[in-house]
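Since the structure comes first, as structure tokens, the remarks are kept for the end.
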Amino acid sequence: MPDAYRFALAQFDCADLERISALLRAVFPRARHLSTDYLRWKYIDNPDGEAIACNAFLGAELVGHMAAVPMRARIEGKDQAALFFENGAVAPLHRRRRLQSRISAAMFDEAVRQNYAAAVGTGNKYSTGPLLTRFAMVRPLEARVGFGIPVRRAAPPAPSFERVWSEEALRWRLCNPERRYFVRNGQVLAASGAPGIAAVLLDESGIADQGGAAPGPLRAWIGLDPGIDWRRSRYVPIPKLLRRSPLNLVFRDMTGGGTVPDPDRFVFRAIDFDPW
């Protein structure tokens, strides 16, 4: 029987965004923030570039989607264009048919055509296995809870990978239409979903404090940052059994070299992907 699925790069017109939002909300019913306004902000308004996304259709029905959002990154000291893969979704009746693999293959082809150098993504216990057919594992993200601002090392190692935030990109990042952010003593904070706990997106942001009450005295931190001295910080690891969704960081070199930046020097913070 001929393959009935059709794959097409997303165009991001109003009808396209409405279909994508409906699919994402059906696949992720708790992620009510995946509105058309959010997708327009994330996919189109990003000053680092318009997203690359691919849709899978059966007839006129949208049954699969994935997006890759552009960012600037410093990889082993060299500024390059990179992508963060997210919002991978397949309607329940169409799973186990390799739709995600075929969607991502089309996206990688387009990313190479547009001269992107690398791609990163995060996977939970269900999605990490499929991701590792296309990406290489970096390491699991750290998750900690504590008080105050983490203490930074006097001589941190040079990052093997770090997202580069321009002033324009950071302003865009904090204009998420479905989230409210707070700035206290240079920390960018958000509600974590747990009472009394604020999620830390970024330390030492250089942004002036903003008004409004922060979500709570405790701080939750997720990511990788070898520049932080956790032994001198008032934070403790969150046991894996208590984490809502342990995340693994994955990486793909799209230059043909097949290298993976040193995991021990990889910087990846919540501001870079927003796990809350």
Side-chain angles (χ1 to χ4, degrees), residues 1-12 15-36 38-39 42-44 46 49-71 82-114 116-141 244-254 258 260 268 272-275:
M1 185 177 70
D3 190 344
Y5 292 104
R6 175 173 59 87
F7 300 86
L9 294 175
Q11 300 302 309
F12 303 141
D16 208 13
L17 291 176
E18 288 174 2
R19 285 193 294 263
I20 294 168
S21 176
L23 173 66
L24 293 175
R25 288 185 171 196
V27 173
F28 307 114
R30 294 184 178 180
R32 304 312 299 169
H33 67 284
L34 295 170
S35 64
T36 55
Y38 173 86
L39 295 178
K42 175 61 72 76
Y43 290 178
I44 301 173
N46 179 2
E50 188 172 288
I52 297 172
C54 183
N55 294 329
F57 296 89
L58 182 63
E61 180 187 6
L62 177 65
V63 298
H65 171 78
M66 183 182 285
V69 177
M71 60 180 173
L83 294 164
F84 179 71
F85 273 62
E86 59 182 311
N87 292 346
V90 172
L93 294 178
H94 301 272
R95 292 171 185 169
R96 301 183 182 277
R97 301 181 190 184
R98 299 188 64 251
L99 294 190
Q100 285 283 35
S101 293
R102 295 159 73 184
I103 288 171
S104 61
M107 292 171 62
F108 284 131
D109 288 344
E110 179 63 16
V112 170
R113 189 188 70 80
Q114 294 190 29
Y116 283 96
V120 293
T122 56
N124 58 26
K125 63 180 180 179
Y126 302 108
S127 62
T128 297
L131 280 172
L132 291 179
T133 64
R134 304 178 291 276
F135 291 80
M137 173 69 84
V138 177
R139 69 188 319 164
L141 297 182
R244 184 173 61 183
S245 179
L247 295 174
N248 297 307
L249 181 65
V250 297
F251 178 90
R252 178 170 174 136
D253 180 354
M254 292 190 293
V260 178
F268 195 70
D272 302 330
F273 73 114
D274 203 359

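Along the sequence shown, residues are numbered consecutively beginning with 1.
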Distance col, row His33:NE2 vs Arg25:CZ, nearest 0.5 angstrom, shows 9.5 Å
Quick note, salt bridge (Lys or Arg N to Asp or Glu O under 4.0 Å) partners involving residues 126-141, not counting sequence neighbours, are Arg139-Asp264
Quick one, Leu83 and Met254 - any side-chain contact, counting heavy atoms below 4.5 Å?
yes
* May I have the step-by-step check of side chain to side chain contact (heavy atoms under 4.5 Å, CB included) for Leu17 and Ile44, ending in yes or no? => CA-CA 11 Å; Leu17 291 176; Ile44 301 173; 4.2 Å; yes
- Query: If you draw the axis of the six-membered ring of Phe108, does the NZ or CZ of Arg252 fall within 45° of it and under 6.0 Å from the ring centre?
  - Reply: yes
*asked:* Taking CZ in Arg95 as the centre, count heavy atoms belonging to other residues, nucleotides or ligands within less than 6.0 Å. Is the count above 12?
replied: yes
d(Leu93 CG, Glu61 CD) to nearest 0.5 Å is 8.0 Å
Value for CD1 (Ile103) from CZ (Arg98), rounded to nearest 0.5 Å, stands at 11.5 Å
Would you please say whether a donor-acceptor pair under 3.5 Å links the side chains of Tyr43 and Asn87? yes
For the pair Val120 and Phe273, evaluate side chain to side chain contact (heavy atoms under 4.5 Å, CB included) and give the outcome as yes or no after the intermediate values.
CA-CA 10 Å; Val120 293; Phe273 73 114; over 6 Å; no
Applying side chain to side chain contact (heavy atoms under 4.5 Å, CB included) to Val260 and not counting sequence neighbours gives Ala136, Val138, Phe251
Here the pair of heavy atoms bringing Met66 nearest to Met107 is O-SD, 3.5 Å
Please check: side-chain N/O of Ser127 versus main-chain N/O of Asn124, any donor-acceptor pairing under 3.5 Å? yes
Note to self: I want to check something: taking the side chain as every heavy atom from C-beta on, are Thr122 and Phe84 in contact at a cut-off of under 4.5 Å?
What the structure shows: yes
Checklist entry - Given the rule in the side chain to side chain contact (heavy atoms under 4.5 Å, CB included) test, do Asp272 and Met71 qualify, once you have shown the distances and angles that lead to the verdict? => result CA-CA 9 Å; Asp272 302 330; Met71 60 180 173; 5.8 Å; no
Is a side-chain donor or acceptor of Asn46 paired with a backbone partner of Pro70 at a separation under 3.5 angstrom?
yes
What do the steps show when you test Tyr38 against Leu24 for side chain to side chain contact (heavy atoms under 4.5 Å, CB included), and what is the final call? CA-CA 12 Å; Tyr38 173 86; Leu24 293 175; over 6 Å; no
Does Gln11 use its side chain to pair, donor to acceptor, with the backbone of Leu9 at less than 3.5 Å? yes
Smallest heavy-atom separation, Val250 atom then Met137 atom, equals CG1-CA, 4.4 Å
Here the pair of heavy atoms bringing Phe57 nearest to Ala8 is CE1-CB, 4.5 Å
Heavy-atom closest pair (Leu62 atom, Ala56 atom, distance to 0.1 Å) is CD1-O, 3.5 Å
When every non-hydrogen atom of Ala117 is compared with those of Asp253, the smallest separation belongs to O-OD1, 3.6 Å
Shortest non-hydrogen pair, Ala89 vs Leu23, comes out as O-CD2, 4.2 Å
Q: Mind telling me whether Phe135 and Phe85 have parallel, tilted or perpendicular rings, with 30° and 60° as the class edges?
A: perpendicular
Q.
Are Asp16 and Asn55 packed together at the side-chain level, in the sense that at least one heavy-atom pair is separated by less than 4.5 angstrom?
A. yes
In this structure, CD1 of Ile20 is separated from CZ of Phe12 (nearest 0.5 Å) by 6.0 Å
CD1 (Ile52) and CZ (Arg113) are apart, to the nearest 0.5 Å, by 8.0 Å
*Just by distance, do the side chain of Thr128 and the backbone of Lys125 share a donor-acceptor pair under 3.5 Å?*
no
Practice prompt. Taking Ser104 for its side chain and Gln100 for its backbone only, find out whether a donor-acceptor pair lies under 3.5 Å.
Written response: yes
Pair Tyr5-Arg97, side-chain donor/acceptor within less than 3.5 Å: yes
